[in-house]
Amino acid sequence: MLTRIDHIGIACFDLDKTVDFYRATYGFEVFHTEVNEEQGVREAMLRINGTDDGGASYIQLLEPVREDSTVAKWLDKNGEGVHHIAFGTADVDTDSEEIRGRGVRVLYDEPRRGSMDSRITFLHPKDCHGVLTELVTAAASHTSEYSSATTSH
Ligand code: CMX
Ligand code: CO
């Protein structure tokens, strides 16, 4: 079951400058940064709010690290802007298979590694009314259930 907006992915040319804009304009701070070589991006996650399912919602700022990455290709064509949305679920395997069964193209056979050790997959934008859609299961260390379990021991 999809229970939250996990993040909105925004493609940018210069990650550091874009992070500065989000900090100066909205007061959002960087929660996490990493390079995901497989996805071809350097990214910053700005945590906006916690959610009822123990997860959180983020803005994901994405800068390509390779000219042949999907985000570099998208920036060439569109310039900066909203690249994808991501829904959070406790079980990306089951939910993505159900959605595949409804005739939507799921891009990966098995979920792959996403930001902060999450597990992710994508739905083809042409099957989703023009929106590249990601499904995410956060790592246990990024849910409040895990945090309260670890602090109570
Ligand atoms: N949103 C909406 N439409 C998109 C899109 C996007 N982000 N990316 C591509 N499209 C559209 C294009 O506009 C194009 O439409 P037209 O044929 O009408 O022109 C069509 O899809 C094909 O686009 P393309 O430029 O030829 O791109 P590809 O088919 O090579 O790749 C996609 C598209 C979705 C398969 C590829 O971007 C992909 O695999 N995405 C998933 C991985 C990803 O995006 N990783 C980066 C983020 C990582 C993270 O979130 O952690
Ligand atoms: Co994403």
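As the structure lists them, so they are numbered: ligands from 1, and atoms in each ligand from 1.
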Looking only at N/O atoms, are E134 and ligand 1 under 3.5 Å apart anywhere?
yes
Check this for me, if you would: do E34 and R113 make a salt bridge, where the nitrogen-to-carboxylate-oxygen distance has to be below 4.0 angstrom?
yes
Whether the side chain of E29 engages the backbone of R23 through a donor-acceptor N/O pair (distance < 3.5 Å, no angle test) should be reported.
no
Measure the shortest side-chain to side-chain distance between F28 and R47 over non-hydrogen atoms and say whether it is less than 4.5 angstrom.
no
If you scan protein heavy atoms around atom 33 (C) of ligand 1, the nearest is H124 NE2, 5.0 Å
Can you tell me if Q60 has an N, O or S atom under 2.8 Å away from the Co ion (ligand 2)?
yes
Using modelled atom types only, decide if a donor and an acceptor are shared between the side chain of T133 and the backbone of V131 within a distance under 3.5 Å.
yes
D127 side-chain N/O to R105 backbone N/O, donor-acceptor pair under 3.5 Å
yes
Does the side chain of D53 come under 3.5 Å of the side chain of T51 through a donor N or O and an acceptor N or O?
yes
Under a heavy-atom criterion of less than 4.0 Å, does N36 contact ligand 1?
no
Under 4.0 Å to a heavy atom of W74 - the qualifying atoms of ligand 1, by number:
5 (C), 6 (C), 7 (N), 8 (N)
Please check this pair: side chain of R66 against backbone of E37, looking for a donor-acceptor N/O pair closer than 3.5 Å.
yes
Winner among K126, E43, R112 once heavy atoms are compared against atom 15 (O) of ligand 1:
K126
Could you list the atoms of ligand 1 found under 4.0 angstrom from a heavy atom of V71?
46 (C)
Looking at Y108, which atoms of ligand 1 are within less than 4.0 Å of one of its heavy atoms?
42 (C)
Short question: side chain of S118, backbone of V136 - any donor-acceptor pair under 3.5 Å?
no
With heavy atoms and a 4.0 Å threshold, my read on which part of V131 contacts ligand 1 is neither
pair D16-R42: side-chain heavy atoms closer than 4.5 Å:
yes
Counting backbone and side chain alike, does E134 bring an N/O/S atom below 2.8 Å of the Co ion (ligand 2)?
yes
Closest approach of any protein heavy atom to atom 51 (O) of ligand 1, naming residue and atom:
Q60 NE2, 3.2 Å
Between H32 and H142, is a side chain to side chain donor-acceptor pair (under 3.5 Å) present by the stated rule, with each step listed?
CA-CA 11 Å; H32 174 83; H142 287 282; 5.8 Å; no
Look at atom 36 (C) of ligand 1 and say which protein heavy atom is nearest, naming residue and atom and giving the distance to 0.1 Å.
T70 CG2, 3.8 Å
So which heavy atom in the protein is nearest atom 4 (C) of ligand 1, and how far is it from that ligand atom?
P125 CG, 3.6 Å
Residue, atom name and distance, where the atom is the protein heavy atom closest to atom 47 (C) of ligand 1
H84 CE1, 3.9 Å
Can you find a protein heavy atom closer to atom 31 (O) of ligand 1 than 4.0 Å?
no
For residues S115 and E43, is any side-chain donor paired with an opposing acceptor at under 3.5 Å?
yes
Shortest protein heavy-atom distance from atom 7 (N) of ligand 1, along with the residue and atom involved
H83 O, 2.9 Å
Atom 13 (O) of ligand 1: which protein heavy atom is closest, and how many Å away?
K77 NZ, 3.0 Å
Between K73 and ligand 1, does any nitrogen or oxygen pair lie at a separation below 3.5 Å?
yes
Any heavy atom of G130 closer to ligand 1 than 4.0 angstrom?
yes
Among protein heavy atoms, which sits nearest to atom 42 (C) of ligand 1, and what does the distance come to when rounded to 0.1 Å?
Q39 OE1, 3.4 Å
Atom 24 (P) of ligand 1 protein-contacted, heavy-atom criterion under 4.0 angstrom:
yes
Do H7 and E134 have side-chain atoms, one donor and one acceptor, less than 3.5 Å apart?
yes
Between I99 and L135, is any pair of side-chain heavy atoms under 4.5 Å apart?
yes
Of the backbone and side-chain N, O or S atoms of H84, does one lie nearer to the Co ion (ligand 2) than 2.8 Å?
yes
